[in-house]
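Labels below follow one simple rule: chain letters A, B, ... track the order of the sequence lines, proteins then strands, and each chain is numbered from 1. Computed from a prediction, not measured in an experiment: that's the story for all the values here.
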Amino acid sequence: MSTFKQHSVLPGFNLALGFTLIYLSLIVLIPLSAAFIRTFELTWAEFWAVVTSPRVVASYRLTFGASFAAALVNAAFGLLVAWVLVRYRFPGKKMVDAMVDLPFALPTAVAGIALTAIYAGNGWIGQFLEPLGIKIAFTPIGIFVALTFIGLPFVVRTVQPVLEDIESELEEAAAMLGANRLQTFSRIILPTVFPALMTGFALAFARAIGEYGSVIFIAGNMPMISEITPLLIITKLEQYDYAGATALAVVMLVISFVLLLIINLLQWWGRRRSASA
Amino acid sequence: MSAVALPVSSGTRRVRATHEAAWVRVTLIAVALAFLTLFLFVPLIAIFYEALKKGVDVYVAAITDPDAVAAIKLTLTAAAIAVPLNLIFGVAAAWAIAKFEFRGKNLLTTLIDLPFAVSPVVSGLIYVLIFGLQGWLGPWLAQHDIKIIFAVSGIVLATIFVTVPFIARELIPLMQAQGTEEEEAAVVLGANGWQTFFRVTLPNIKWGLLYGTILCNARAMGEFGAVSVVSGHIRGMTNTLPLHVEILYNEYNFAAAFAVASLLALLALVTLALKTFVESSNKQHKENAGEH
């Protein structure tokens, strides 16, 4: 026991840890392991055939492509929004700051139908784009729009605290040594916030890959063109193809775990950076 | 303070070396606000506009429809079960992780975050694999006439799964930062475990706890993907509010879909308002305590 846990005078360790482990096992770990165990009902060849069929591969390409593009846009604009919120004053700033979290608080289905209404051919924004030959709703671009909405808070909320903590002495020193603002930004500020920026990017990307609710309304859901991987899982489930659905779920779980690992490494990197600074 | 007036060299205001020129500032603010308007404010306004487009009567009819009322009740029920359970879990997990040193602590912290990393669709699927007709417990459940998938219990389970981390991840860093000295002092002075928790720990973490609970509740009421997989979409029976929005929308009943959606949007706005209030109260609390 002594090697497992350091001595403490505080009570309740066994009860708290025991409850935590039982609850986590029953709700999270055992159900998740079910997905992995159930795939063993397929042979390796069958599994491989399911997860590399053309329709599935097209869905990966779409899911990853749209998620990557959305996370990239969020990285750029998220950094800008965080900068503006930390450094400048303008009317309504407090309200804007609070509203950044709207995509966390708004149910995804609601976001999905709202974005579809706006970007459809007769919608507020869609009506101006359609004469230009740009279709957003019911195309892969619509998926990108929905995923940008969903991922918006991540970069802002990871970069914001780091920007707040930057010591003004560093920037003053840079200015004294003759750097202009752009040089100070690219040589001092950007390297400091870079781990946080990458973390926010990875969080937005990971969230986008699994996203379902906001996407299905705006996507059009055409096989090979605008069908995301989570929707394919549902399609297979509705056709009682449990093995196929589970195989795809396992692929998505493995990707999620790898991303979670990368995010943890990025956060550790960021903490080490700020500790050494 | 000596009042030495520095000579101002010219009439124009000088830009400080650590600040941007005014035109850069204005441009950056404008671009940021344009982006947020396009992606946040326009969709939010669109929900209420579409909901009220056909008049207040249609709106009221949509949200007082028996199926809508049943959906509201189910959503409240699921949240009323999921949030307290995850609250107890969050406090227990944070107590173990933040107040004690033991092996495997980092692994446990990562495992608690798992549901955030999993796609909502997969979260629903794993429960189908266990409790569905084809699932591990399916045949046994069918024999005993217990329904979990396509029933309320499945919806509650899926809701619990997707909201597991909220309160724990809010409390763990908070309680870690607060250390164990106050609790140790209480124990040394003769308080038992529960007294220590309720009189010493709880007052210290109440804002974090409230914050986590608000976020947990918003997600519990708004979850779509996971609940959709286990629900079976039986109107008036296993339809939560977000699922009801989907059904109405797919029936091209847009005004009603947006009317029900506007309830969820209001919930989101209340959540954000509460969250902002809790954040500022917490900040004040910290400042009053004289920076620790």
Side-chain angles (χ1 to χ4, degrees), chain A residues 4-6 8-13 16-17 19-20 23-24 27-28 31-32 34-35 38 77 80-81 84 88 90 96 98-99 101-102 105-111 113-115 117-118 148-149 152 168 171-172 175 181 206 210 212-213 230 233-234 237 242 245-246 249 252-253 256 260 264, chain B residues 17-18 20 25 28-29 31-32 35-36 39-40 42-44 46-47 50 89 92-93 95-96 99-103 110-112 114-115 117-122 125-127 129-130 134 160-161 164 180 183-184 187 193 218 222 224-225 229 242 245-246 249 257 261 264-265 268 271-272 276:
Chain A
F4 167 64
K5 171 185 166 276
Q6 280 180 26
S8 165
V9 296
L10 294 183
F13 176 73
L17 187 69
F19 179 77
T20 301
Y23 188 89
L24 204 60
I27 298 286
V28 179
L32 275 179
R38 285 294 290 260
F77 282 92
L80 173 66
V81 170
V84 165
Y88 304 147
F90 54 91
V96 170
M99 285 295 288
D101 283 327
L102 181 73
L106 193 70
T108 53
V110 176
I113 64 170
L115 290 170
I118 297 166
T148 306
F149 174 86
L152 198 150
S168 57
E171 288 173 57
E172 281 160 15
R181 276 311 277 167
Y212 172 73
I233 295 178
I234 296 231
L237 207 57
Y242 285 80
T246 311
M252 294 213 59
L253 278 174
S256 305
L260 189 66
N264 276 338
Chain B
T18 50
E20 290 77 42
R25 253 185 345 246
L28 291 180
I29 293 173
V31 174
F35 174 74
L36 294 177
F39 278 96
L40 294 182
V42 173
L44 188 64
I47 298 164
E50 296 282 339
F89 167 76
W95 182 263
K99 301 291 178 188
F100 299 92
E101 290 301 326
F102 59 94
R103 274 211 220 159
T110 309
L111 288 178
I112 291 174
L114 268 185
V118 175
S119 170
V121 170
V122 177
L125 173 78
I126 55 178
Y127 286 105
L129 293 178
I130 293 180
Q134 312 268 324
I160 294 174
F161 180 95
V164 160
T180 55
E183 282 85 0
E184 279 163 6
V187 169
F224 177 74
V229 173
V245 170
E246 184 197 21
Y249 189 86
L264 289 164
T271 302
L272 291 184
T276 311

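For a residue to count as touching a neighbouring chain, one of its non-hydrogen atoms must lie under 4.5 Å from one of that chain's; by this rule A:N264 touches chain B with the side chain only. The contact between A:I27 and chain B is made by backbone and side chain atoms together, counting heavy-atom distances below 4.5 Å. Neither the backbone nor the side chain of A:A206 comes within contact range of chain B; no heavy atoms are under 4.5 Å apart. Both the backbone and the side chain of A:L32 have a heavy atom closer than 4.5 Å to some heavy atom of chain B. At a 4.5 Å heavy-atom cutoff, the contact between A:L10 and chain B is made by backbone and side-chain atoms alike. Contacts of A:L237 with chain B are made by side-chain atoms alone, with heavy-atom separations under 4.5 Å and no backbone atom involved.
Using a 4.5 Å heavy-atom cutoff, the side chains of B:L114 and A:L24 are not in contact. Between B:V121 and A:M252 there is no side-chain heavy-atom pair separated by less than 4.5 Å. Here the side chains of A:Y88 and B:E20 are in contact, with some heavy-atom distance below 4.5 Å.
Shown here are the side-chain hydrogen bond (donor to acceptor under 3.5 Å, both in side chains) partners of B:Q134, two or more places apart in sequence or in another chain: there are none. Contacts of A:F77 classified as ring-ring contact (aromatic ring centres under 6.0 Å, His included), with partners at least two apart in sequence or in another chain: B:F35.
Within the model, atoms CG of B:L264 and CD1 of A:I113 stand 9.0 Å from one another, a figure rounded to the nearest 0.5 Å. Here the CD1-CG distance, from A:I234 to B:L125, works out to 9.0 Å after rounding to the nearest 0.5 Å. Atoms OG and CD, from A:S8 and B:E101 in turn, are 9.5 Å apart once rounded to the nearest 0.5 Å.
Below 30°, between 30° and 60°, or above 60°: for B:F224 and A:Y212 the angle between ring planes is below 30°, a parallel geometry. Ring planes of A:F4 and B:F102: tilted class, angle from 30 to 60°.
For the pair B:G193 and A:P11, the tightest heavy-atom approach, listed with the atom from each and the gap, is CA-CG, 3.5 Å.
In terms of heavy-atom pairs under 4.5 Å with chain B, the best-connected choice from A:V28, A:T246, A:L260 is A:V28. For the set A:L102, A:L17, A:I233, the count of heavy-atom pairs under 4.5 angstrom toward chain B peaks at A:L102.
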